Asker: 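Sharing a structure with you now.
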Number of protein chains: 2
Amino acid sequence: MEPMTLQTENIPTPPDARERLRAAALDQFTQRGYAATTIRELCQAAGVTKPVLYYYFKSKEGLYLDLMDGAYALFESTLAELTIYSGTPFQRIATFCEGVFDVGMSNLPLLRLIYSIYYGTPQGAPHYDLDQYFDRLLDVITALVREGIASNQITDGNLNDMTWAILSCLNTTLEEQLCHQQPRIDRSAMTRMLQLLFRGMAASHES
Amino acid sequence: MEPMTLQTENIPTPPDARERLRAAALDQFTQRGYAATTIRELCQAAGVTKPVLYYYFKSKEGLYLDLMDGAYALFESTLAELTIYSGTPFQRIATFCEGVFDVGMSNLPLLRLIYSIYYGTPQGAPHYDLDQYFDRLLDVITALVREGIASNQITDGNLNDMTWAILSCLNTTLEEQLCHQQPRIDRSAMTRMLQLLFRGMAASHES
DNA sequence: GTCTATATTGAGATAGAC
DNA sequence: GTCTATCTCAATATAGAC
């Protein structure tokens, strides 16, 4: 509880030190990697001194884990919003993938960090389970495909194959946004790839 | 030119120091990442002392670049072998993807290193252009799809979309082999995903 | 070509004043 | 809660003998 002082002057550094450290860490971990990021540069970028970091996050690892926890919380909170849409199973799958894509684009640095950890190397960073991201996506897509099969709109083939083929398109499209100045495929290309796939998944109406 | 001495005893450390350093570097860079790998541990794993590394590779960076050059040379040499197969365009695409998959599996640590650098972070490692891997794969697949369109076996749709959809299946299947103890999809699942896609790409024979 | 020993630097983390 | 100053340790790299 700090005393409420009148703040007539404009605020010099808008977010508090804690938030600035988070932002700087996201930036540095993503661009240089965990091990290559030094606390000195990180604090300098955040405009604070080293003891401030240790005060709020206890250590470099603590700051990292705080970031990862925040990212997963964001993921889970948005997943719920993306499963409420209606339409045919194909439409719902496409809408879901597009929604995940959009959320990823709105949080590109965070997405970049997650991918760099997932496909990257530990770099001395503490372990954080990232399989749960893929697992949750698989859950949702599998459910949607299953619905399509149940309603005879999707051919009764290998559920797993269809789910993974869909996820492949989403996954590769997301990855393409991460590693290039000018991505060679975008959101609409992903949608069209899914349409191609849907054509192969559609139940042939000759029962 | 060292004097040819009779070697009656069995060799204590089969490959020479240079090769052991390469193997140890591949292992350590992959498992811990470039920045987190220390020369001390690396040399210890290779059974040599630090000056030996500096003698052969000049620096940690030099050893890293040597590894990356070797990897790309391997990639190019195998690509040529994978484009000679015959059959329908669909068969050739599937065979090509399976061949790339197989080569990747035969060189899993190297594949892991490349992916970890590509989707990972610089980690202080010198830049190495890895886009060429994807570019070359796109070249080959695009050519095969184009052939299929020319022979009226593949629908005359968006060439780029079809190419990327194929690459998505290959890419995601490869990635799945890297990050899990027990991959959830394998080579045959990839083939089946491609079949699904081919069904959506096939020209409808009603001209 | 390979060793021992060491120089040098910069990292993560903390003590203690304010 | 934030600072200055500092501790401790391990990293990269090299000198110089053999």
Side-chain angles (χ1 to χ4, degrees), chain A residues 1-5 7 9 11-29 31-68 121-127, chain B residues 1-5 7 9 11-25 27-29 31-67 121-127:
Chain A
M1 294 289 189
E2 53 197 54
M4 287 290 280
T5 58
Q7 193 100 32
E9 302 297 320
I11 308 122
T13 45
D16 62 340
R18 191 191 220 111
E19 211 50 54
R20 291 205 312 278
L21 275 169
R22 282 202 186 98
L26 174 56
D27 186 58
Q28 301 263 318
F29 288 159
Q31 302 217 354
R32 311 182 186 209
Y34 180 83
T37 294
T38 71
I39 288 193
R40 194 180 61 84
E41 289 169 315
L42 199 157
C43 289
Q44 193 172 337
V48 303
T49 55
K50 284 193 282 182
V52 176
L53 184 153
Y54 288 96
Y55 176 79
Y56 282 115
F57 298 100
K58 198 188 146 189
S59 70
K60 186 181 179 182
E61 289 198 358
L63 178 49
Y64 169 80
L65 290 173
D66 179 88
L67 270 188
M68 300 307 284
T121 49
Q123 302 182 35
H127 177 71
Chain B
M1 294 291 188
E2 52 197 55
M4 286 290 281
T5 58
Q7 193 100 32
E9 301 298 322
I11 308 123
T13 44
D16 61 340
R18 192 190 220 110
E19 212 50 55
R20 292 207 311 280
L21 275 168
R22 280 203 187 96
D27 186 57
Q28 301 263 319
F29 288 159
Q31 303 217 353
R32 312 181 186 212
Y34 180 82
T37 294
T38 72
I39 288 192
R40 195 180 60 83
E41 288 169 315
L42 198 157
C43 289
Q44 191 172 337
V48 303
T49 55
K50 284 189 283 180
V52 177
L53 184 153
Y54 287 97
Y55 176 78
Y56 283 114
F57 298 100
K58 196 188 147 189
S59 69
K60 186 180 178 182
E61 289 199 358
L63 177 50
Y64 169 79
L65 290 173
D66 179 88
L67 270 188
T121 49
Q123 302 183 32
H127 177 71

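Sequence lines set the chain letters: A, B, ... in the order given, protein chains first and strands last, and positions in each chain run from 1. Values reported hereafter were calculated over all heavy atoms of this structure, with side chains retained and with hydrogens, waters and symmetry mates removed. Since we're looking at a predicted model, the values are computed, not measured.
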Asker: Would you say Y54(A) reaches dT14(C)'s phosphate, i.e. side-chain N/O to OP1/OP2 under 4.0 Å?
Answerer: no

Asker: Which distance, rounded to the nearest 0.5 Å, do you find between the CG of D66(A) and the NZ of K58(A)?
Answerer: 13.5 Å

Asker: Taking atom P of dA13(D) as reference, at what distance in whole Å does atom CG of L63(B) sit?
Answerer: 11 Å

Asker: Between atom CZ in R18(A) and atom P in dT2(D), what is the gap in whole Å?
Answerer: 10 Å

Asker: What are the two closest heavy atoms between K50(B) and C43(B), and how far apart are they?
Answerer: CA-SG, 3.7 Å

Asker: Round to a whole Å and report the spacing from CZ of R20(B) to P of dT2(C).
Answerer: 9 Å

Asker: Taking NZ from K58(B) and P from dG1(C), how many angstroms apart are they, rounded to a whole number?
Answerer: 18 Å

Asker: Of the nucleotides dT2(D), dT12(D), dA11(D), which one has an atom closest to the side chain of R40(B)?
Answerer: dA11(D)

Asker: If I take atom CG in residue L53(B) and atom C1' in nucleotide dG1(C), what distance separates them, rounded to the nearest angstrom?
Answerer: 14 Å

Asker: Determine whether L42(B) and L63(B) satisfy the following criterion, side chain to side chain contact (heavy atoms under 4.5 Å, CB included), listing intermediate values before the conclusion.
Answerer: CA-CA 11 Å; L42(B) 198 157; L63(B) 177 50; 4.0 Å; yes

Asker: When you check the phosphate oxygens OP1 and OP2 of dT14(C), does a side-chain N or O of Y55(A) lie under 4.0 Å from one of them?
Answerer: no

Asker: Write down the protein N/O and nucleotide N/O pairs, taken from nucleotides 4-9 of chain D, whose separation is under 3.5 Å; answer none if there are no such pairs.
Answerer:
none

Asker: Please assess Y34(B) against E61(B) for the test side chain to side chain contact (heavy atoms under 4.5 Å, CB included), listing each intermediate value before the final yes or no.
Answerer: CA-CA 9 Å; Y34(B) 180 82; E61(B) 289 199 358; 3.2 Å; yes

Asker: With nearest nucleotide decided by heavy atoms, which residue, V48(B) or S59(A), maps closer to the 5′ end of DNA chain C?
Answerer: V48(B)

Asker: Within 45° of the six-membered ring axis of F29(B) and under 6.0 Å from that ring's centre, is NZ or CZ of K60(B) located there?
Answerer: no

Asker: In whole angstrom, what separates I39(B)'s CD1 from dT14(D)'s C1'?
Answerer: 12 Å

Asker: Is any side-chain heavy atom of Q31(A) less than 4.5 Å from a side-chain heavy atom of D27(A)?
Answerer: yes

Asker: Between dG1(D), dG12(C), dC3(D), which nucleotide gets closest to the side-chain atoms of V52(A)?
Answerer: dC3(D)

Asker: From CD of E61(A) over to P of dG12(C), roughly how many Å is that when rounded to an integer?
Answerer: 12 Å

Asker: To the nearest 0.5 Å, how far apart are CD in Q44(B) and CD1 in I39(B)?
Answerer: 13.5 Å

Asker: Whole-Å distance between dG1(C) P and L21(B) CG?
Answerer: 14 Å

